[in-house]
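Please read the structure below before turning to the comments.
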There are 2 protein chains.
Amino acid sequence: MSSELTEPGTGPTGAAPTLSEVAKRAGVSSITVSRVVRMPDLVAPETRARVEQAMRDLGYIPNLVAGALASARTNSVGVLVPTIANSIFADTVQGLSDKLEPLGFSVILAQSRYDAAREDRMLAALLSRRPEAIIMVGSPATEDGSRLLRNARIPIVETWDLPANPIDAVAGFDNYKAGVAVAKHLVAQGRKQLAFIGGDDPRGTRRWFGFRDEASASGLAEPRRLILDRKDSGSVAAHARLPGVDAVFAANDAHAIGFMSGLRKAGLLRDGPASAQPVAVIGLGDLEMGQLISPTLSTISVHGDAIGRTAATLTLERGGERRIDLGFELVLRDSG
Amino acid sequence: MSSELTEPGTGPTGAAPTLSEVAKRAGVSSITVSRVVRMPDLVAPETRARVEQAMRDLGYIPNLVAGALASARTNSVGVLVPTIANSIFADTVQGLSDKLEPLGFSVILAQSRYDAAREDRMLAALLSRRPEAIIMVGSPATEDGSRLLRNARIPIVETWDLPANPIDAVAGFDNYKAGVAVAKHLVAQGRKQLAFIGGDDPRGTRRWFGFRDEASASGLAEPRRLILDRKDSGSVAAHARLPGVDAVFAANDAHAIGFMSGLRKAGLLRDGPASAQPVAVIGLGDLEMGQLISPTLSTISVHGDAIGRTAATLTLERGGERRIDLGFELVLRDSG
DNA sequence: TTCTTTCATGTTAGCGCTAACATTAGTCGA
DNA sequence: TCGACTAATGTTAGCGCTAACATGAAAGAA
């Protein structure tokens, strides 16, 4: 034996080296190599050193695919989000990764693009990789998807909402109450003509219901609801379609900022405090950006990363409380 | 004692059903079931129907872990990004997923958090899952990481930059030239005191070099460089640390908008066109938000999703051009 | 008819690893 | 002194699936 690099059968020559090749080189059985990788304390120091040297010599990288099949543990978690680009769900993915990766779990990421059929497909695709848990934003859109998850017999965490009949665990907040809180605030501010802009996904719709119900309960006319296409920063033009409105709840901050941009063009934005705004605007999400624009954006603050970290925890512990309400906070700044 | 396994037609009783259980129920051999799953055309229609019924009855979900071990194909791609939250890399992940998921590939996501040691660990973790390719933002920070990838013998795509000696394939743009373009523009506008704000990651640094070199070549004093912590929207306070500066290039739009927010507080922001701005600001990334604020943000536009889709393509095709420059575009609006 | 081809299905032998159970020395208390 | 234990390592038998080859029946081709 000579140098550490590029030996026959080593380096970038042929196929990746296997456990038993390392074992042969170190003069031990393969199970010993396996132990060095997974439970080094069980191996005598000298043997361990020999094996570690052999692994280095060969550039051995354990094959977790084989390990997973043999041990029935994949050390992976499936994550399903509607979309990751330009969305607050990225915070949730970040949060759960930060918790899971140091523990040796890998994140398998899939996107549904708010499409029920694709969601079902991605769910099946995820399950076929035998993850040890699934974390998803919201709940399955179809009964099929729901059954798939129920039958999977692994922890399932639904996030960003508090479904009445969760499959297993939940980490989210009450979207209905968020809508109520915004309406309450706007009513207290003396606003009369409310409107809601946002998508028609389940969570947005729940916000709308809370918003509408509270407005009606306060004796106001039923608010208008403008359903925007995702990625429709056409929220810029939304104002034109909402004549007479003096307060708007946008289902997310991006829409809120887009709407404010439309207001600015119409000369309906002041640099002063909320009371000076002809049209109050409240967002949801508390993007950092909201504090940087003028007027600063009032919003429902939600901790996307905390949702992710909590979901990760629920994934790891089977016992304990399985329904965690992380709440939200109405953060009042200058826009409304 | 007796059969502890899933009763025919029963719900989720025991362990997940296997290929051979489906085969038994359909009265065929397991390879036939395997064919129904993977190459249905090779199976006679009646047999296929019988097998499909059995799969439905048992709620069979193929085990891709076992399949991957047997076929030496995992149908997965490892993706390494510095961070996914609140970043334009999410666009890239979205782009590559959109291309890869319909083809049956899963995305295994890992984050380095701009930490070289963590990057190496995540690279090893990814490789141990035997992905069929790796797509990463930037290049490995260490020689170890680089060697790991070189020895992996799978397509490696480095993105968001155009490294001189790529490991394999590249999909990105020239960060140096982006800095040059911004400096050129500011000089042409008659700006004299330039400054650069941003992080000190490799790509940001390359932008800085281009910016600095071009400014010097134009006879200006060497620009100031302010290195900000990530997530430091302290860019708001950056202006105080840059007295006398009349033009700023921010390494990303978020910093640019934060900086503008600081300018606003200092009364140095006008609603008029670039020529009216006491301090010009140019960002990079072209976040949608940049068009919504006032003044609208001038920026270097980069197509993060196109980078992702291109990287996915490079992953699938081994032949052809392996170095794709997706370029950038200086988009001039009102901020500078 | 007899040979060849095609189609549909089956048999066999692993993929690279680990669980579960040996096995072999060495240690130790009474 | 001896069984009882511990520490270190090994043996065996798969995990659930697929590649590669084998088989048998039906349908032409000659």
Side-chain angles (χ1 to χ4, degrees), chain A residues 9 14-52 54-55 58-76 104 127-132 152, chain B residues 4-6 14-52 54-55 58-76 104 127-132 152:
Chain A
T18 67
L19 246 204
S20 67
E21 292 178 80
V22 175
K24 195 165 301 165
R25 176 177 252 262
V28 297
S29 73
S30 26
I31 192 69
T32 299
V33 180
S34 177
R35 286 191 184 113
V36 169
V37 172
R38 297 176 305 130
M39 318 122 95
D41 292 348
L42 294 189
V43 179
E46 314 81 53
T47 315
R48 187 156 82 220
R50 208 146 28 90
V51 171
E52 278 163 349
M55 296 198 296
L58 296 174
Y60 174 68
I61 297 196
N63 184 332
L64 252 50
V65 176
L69 181 60
S71 68
R73 298 213 56 200
T74 56
N75 283 285
S76 66
L127 289 173
S128 67
R129 305 214 175 249
R130 298 292 189 266
E132 299 191 22
Chain B
E4 23 132 65
L5 283 181
T6 320
T18 67
L19 246 203
S20 67
E21 293 178 82
V22 174
K24 195 166 302 167
R25 175 175 252 262
V28 298
S29 74
S30 25
I31 192 69
T32 298
V33 180
S34 177
R35 285 190 184 114
V36 170
V37 172
R38 298 176 303 131
M39 317 122 97
D41 292 349
L42 294 189
V43 179
E46 314 80 54
T47 316
R48 187 156 82 222
R50 209 147 27 90
V51 171
E52 278 163 349
M55 295 198 297
L58 296 175
Y60 174 67
I61 297 194
N63 184 333
L64 251 51
V65 177
L69 181 60
S71 68
R73 298 212 57 201
T74 56
N75 283 285
S76 67
L127 289 173
S128 67
R129 303 209 176 253
R130 298 293 189 267
E132 299 191 22

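Since the model is a prediction, treat every value here as computed from it, not as a measurement. In what follows, every chain begins at residue 1, and chains take the letters A, B, ... in the order their sequences are listed.
Spacing between atom CG of Asn75(B) and atom C1' of dC17(D) amounts to 14 Å, rounded to whole angstrom units. Atom CG of Leu69(A) is separated from atom P of dT18(C) by 11 Å (rounded to the nearest Å). For the pair Arg73(B) CZ and dT18(D) P, the computed distance is 13 Å after rounding to whole Å. The CG atom of Leu19(B) sits 10 Å away from the P atom of dG16(D) (whole-angstrom rounding). Here dC17(D) presents its C1' atom at 14 Å from CZ of Arg129(A), a figure rounded to the nearest Å.
For Glu52(B), there are no side-chain hydrogen bond (donor to acceptor under 3.5 Å, both in side chains) partners two or more places apart in sequence or in a different chain. With sequence neighbours left out, the side-chain hydrogen bond (donor to acceptor under 3.5 Å, both in side chains) criterion links Ser20(B) to Thr18(B). Asn63(B) pairs by the side chain to side chain contact (heavy atoms under 4.5 Å, CB included) definition with Arg130(A), Val65(B), Ala66(B), not counting sequence neighbours. When the side chain to side chain contact (heavy atoms under 4.5 Å, CB included) test is applied to Ser29(A), the partners found at least two apart in sequence or on another chain are Ile31(A), Thr32(A). Residues forming a side chain to side chain contact (heavy atoms under 4.5 Å, CB included) with Ala54(B) (at least two apart in sequence, or on another chain): Val22(B), Arg25(B), Ala26(B). Here Ser128(B) pairs with nothing under the side-chain hydrogen bond (donor to acceptor under 3.5 Å, both in side chains) rule; sequence neighbours left out.
Annotation: the terminal axes of the helix from dT1(C)-dA30(D) to dA30(C)-dT1(D) meet at 40°, where each axis is the rotation carrying the C1' atoms of four end pairs onto the next four (5 pairs per end, rounded to 10°).
Judged as a salt bridge (charged side-chain N to carboxylate O under 4.0 Å, His left out), not a single pair has a partner in residues 58-71 of chain B (not counting sequence neighbours).
Under 4.0 angstrom from either OP1 or OP2 of dA19(C) there lies at least one side-chain N or O belonging to Arg38(A).
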Nucleotides 7-12 of chain C: protein proximity per nucleotide (B base, S sugar-phosphate only, - neither; heavy atom, under 4.0 Å): -SBBB-
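Taking both residues in full, the closest heavy atoms of Thr74(A) and Pro131(A) are given as OG1-CA, 3.8 Å, listed atom of the first, atom of the second, then distance.
Summarising the geometry, atom CD belonging to Glu21(B) is positioned 10.0 Å from atom CG belonging to Leu19(B); distances are rounded to the nearest 0.5 Å. The distance from the CG atom of Leu127(B) to the CD1 atom of Ile61(A) is 4.5 Å, given to the nearest 0.5 Å.
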Under 3.5 Å, sequence neighbours excluded: what are the donor-acceptor pairs made by side chains of residues 36-47 of chain A?
residue, atom, partner, partner atom, Å
Arg38(A), NE, Ser34(A), OG, 3.2
Arg38(A), NH2, Ser34(A), OG, 3.1

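Within residues 60-67 of chain B, no residue has any heavy atom closer than 4.0 Å to DNA chain C.
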